[in-house]
Amino acid sequence: MTAWETCIAIVGLAAITVLTRCFFLLPDRELPLPDWLRRGLRYAPLAALAAVLAPELVMRDGAFLTTLADARLPATLAAVAFYFWRRSILGTIAVGMAVYLPLHVGLGW
């Protein structure tokens, strides 16, 4: 790509981002949503997070993990166990990283 094409692409992507982010601010009144859709949208952030994290936890370089000697697996198990025990998001992140970092950096998993 030339510098001119890169600039056009950046401006175009910025315009699309602004338009889609501001789309919900344009109406004067709240848009009516069916009750089933409103209930379903409550789970959208969790579904998006799971869709991003699940492949990272079970795959490496585009292939499924073939060994259990991967630091992500014990860190995930420890974090999930802590979350169900205490229901703390910050604690879950701290426990997951406390298990992951020694295994990954120290043992090279």
### Task
Inspect the surroundings of CD in E5 and state if more than 12 heavy atoms from other residues, nucleotides or ligands are less than 6.0 Å away.
yes
### Query
Would you call R72 and H104 a side-chain contact if the rule is heavy atoms closer than 4.5 Å?
no
### Query
In the single-linkage hydrophobic clustering (I, L, V, M, F, W, Y; side-chain heavy atoms under 4.5 Å), do V105 and W109 co-cluster?
no
### Task
Working to the nearest 0.5 Å, report the span between CG of D70 and CG of L57.
9.0 Å
#### Entry: Minimum heavy-atom distance between T17 and L13, given as atom pair plus value
OG1-O, 2.8 Å
#### Entry: Same apolar cluster (I L V M F W Y, side chains within < 4.5 Å links), V99/L107
yes
### Message
Quick check on R21: does its CZ atom have over 12 non-hydrogen neighbours (other residues, nucleotides or ligands) under 6.0 Å away?
### Response
no
### Query
Of all heavy-atom pairs between P55 and A51, which one has the smallest distance, and what is that distance?
CD-O, 3.2 Å
### Message
Is there a continuous path of hydrophobic side-chain contacts, each under 4.5 Å between heavy atoms, that joins I93 to Y83?
### Response
yes
### Task
May I ask you to test the L33-L41 pair for a side-chain heavy-atom distance under 4.5 Å?
yes
### Message
Could you measure the distance from the CD1 atom of I89 to the CZ atom of F82? Nearest 0.5 Å is fine.
### Response
10.5 Å
### Message
Quick check: do M59 and L65 have side-chain heavy atoms less than 4.5 Å from each other?
### Response
no
#### Entry: Heavy-atom closest contact (T67 atom, L73 atom, distance)
O-CD1, 4.2 Å
### Summary
On a heavy-atom basis, the closest approach of A79 and G96 is CB-CA, 4.0 Å
